[in-house]
2 protein chains.
Amino acid sequence: MIMKDNLELLKSYQLKITPQRIAIVEELASHGHLSIEDLYQGLLERFPTISLATVYKNINAMEEKEFVQEVKIPEQKSKYELTKAHHAHVVCQECKKVEDVVVSTKTILDEVKDVSHYRINRDDLIFTGLCPECVVKQSA
Amino acid sequence: MIMKDNLELLKSYQLKITPQRIAIVEELASHGHLSIEDLYQGLLERFPTISLATVYKNINAMEEKEFVQEVKIPEQKSKYELTKAHHAHVVCQECKKVEDVVVSTKTILDEVKDVSHYRINRDDLIFTGLCPECVVKQSA
DNA sequence: TGGATAGAAGATAATTATTTTCCTTTAAGT
DNA sequence: ACTTAAAGGAAAATAATTATCTTCTATCCA
Ligand SMILES: [Mn+2]
Ligand SMILES: [Mn+2]
Ligand SMILES: [Zn+2]
Ligand SMILES: [Zn+2]
């Protein structure tokens with residue numbers, strides 16, 4: 001179920017509201033981090049005639065407007081998610097799931113600025129390992 | 001000029017030593033972070049007949065053996081670098097340069113483990129912003 | 001130090017991934 | 001409802017990556 005928030009947001013980002021776009025937002029809202037192929041497969045069930053190009057075009061348009069963001073993950077295809085409060089990611093190398101994690105970045109940011117002399121205005125932090133479920137499976 | 005260290009290393013990773021591979025290592029050793037296309041263009045000057053497939057095959061083989069590593073950067077094609085002591089990256093959004101930066105990750109790692117309950121064994125940290133040169137150019 | 005041989009290079013074809021084109025359909029404003 | 005700019009779908013065009021096959025060569029060993 002799509003909350004009007006997202007519809008409003010689509011509008012506010014000057015993205016014309018179409019059934020396909022609503023479905024994309026719903027998929028992203030409910031599943032979190034999806035690849036182009038994931039999205040396509042998900043949408044196919046609701047729109048048997050949807051074109052893969054439509055998925056690409058929409059994701060690109062939404063990215064352009066910063067309504068969605070790409071997440072590049074080691075050893076995996078890029079995932080896309082609705083833009084939200086800035087956060088880092090944890091990835092399970094076993095079951096491949098991707099989750100958000102909110103951590104304080106001030107300390108490391110200060111150190112990076114200090115060491116590099118760069119003016120930093122964005123960070124992309126990916127932590128890879130084993131999720132709790134896969135940890136127990138592994139020790140079993 | 002290639003230092004025998006790298007040749008030894010190539011050997012120790014069971015990678016047969018060929019002129020093309022030596023050149024790839026030299027390129028990476030001297031330029032740091034290169035895309036497939038960067039590498040191909042660089043090698044073309046020394047090996048006018050080299051095939052793009054050779055670059056792909058070699059980089060894949062070297063990645064397989066963990067002799068080189070892929071670095072995924074937002075808004076850019078993947079870069080490759082010789083594997084070395086673990087480090088983070090700063091990227092200039094203006095001139096696109098990529099540099100290594102060594103920072104302490106203990107604090108943030110502990111927090112990520114604490115918040116996510118994941119067992120973390122790898123981190124990929126990319127900080128994007130303006131390099132010192134581009135900062136001055138921009139304020140000029 | 002000359003084969004023998006596994007593996008690499010090069011050329012090219014085949015796949016796979018992504019973008020673009022072109023025409024039809026539709027959302028959104030009037 | 002009418003108009004129009006934009007979106008969808010199908011297919012073609014590009015780009016990126018991998019596979020195949022033949023020729024070449026680095027490495028091993030007698
Ligand atoms: Mn996320
Ligand atoms: Mn690096
Ligand atoms: Zn898992
Ligand atoms: Zn710069």
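For residues 36-66 of chain B, the set of pairs meeting the ring-ring contact (aromatic ring centres under 6.0 Å, His included) definition, not counting sequence neighbours, is empty. For residues 95-104 of chain B, the side-chain hydrogen bond (donor to acceptor under 3.5 Å, both in side chains) pairs, not counting sequence neighbours, are A:Tyr118-B:Glu99, B:His33-B:Asp100, B:Lys84-B:Asp100, B:His87-B:Asp100, B:His89-B:Asp100, B:Lys97-B:Glu133. Within the structure, every pair that satisfies the side-chain hydrogen bond (donor to acceptor under 3.5 Å, both in side chains) test and touches residues 9-22 of chain B, not counting sequence neighbours, is listed here: B:Arg21-B:Asn58.
B:Ser78 is linked by a side chain to side chain donor-acceptor pair (under 3.5 Å) to B:Glu70, counting only residues two or more places apart in sequence or in another chain. Residues forming a side chain to side chain donor-acceptor pair (under 3.5 Å) with A:Gln69 (at least two apart in sequence, or on another chain): none. Residues passing the salt bridge (Lys or Arg N to Asp or Glu O under 4.0 Å) test with B:Lys106, sequence neighbours excluded: B:Asp110. Legend: residues meeting ring-ring contact (aromatic ring centres under 6.0 Å, His included) with B:His117, ordered by chain and number and at least two apart, are absent. Taking B:Asn121 as the reference, A:Gln93 meet the side chain to side chain donor-acceptor pair (under 3.5 Å) condition, with sequence neighbours excluded.
Axis angle between the ends of the helix from C:dT1-D:dA30 to C:dT30-D:dA1, five pairs each and rounded to 10 degrees, works out to 40°.
Along DNA chain D, read 5' to 3', the first and last nucleotides having any atom under 4.0 Å from a heavy atom of chain B are D:dA16 to D:dT27.
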From CA spacing to verdict: side-chain contact (heavy atoms from CB on, under 4.5 Å), B:Leu39, B:Leu28: CA-CA 8 Å; B:Leu39 271 170; B:Leu28 291 174; 4.3 Å; yes

Readout for nucleotides 25-30 of chain C: B = base within 4.0 Å of protein heavy atom, S = sugar-phosphate only, - = neither; 5' to 3' it is --BS--

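Going from atom OH of A:Tyr40 over to atom P of C:dT16 covers 15 Å, rounded to whole Å.
Dashed line: the shortest gap from a side-chain N or O of A:Asn60 to OP1 or OP2 of C:dT19 is under 4.0 Å.
A heavy-atom distance below 4.0 Å to DNA chain C is reached by these residues of residues 51-59 of chain B, ordered by number: B:Ser51, B:Ala53, B:Thr54, B:Lys57, B:Asn58.
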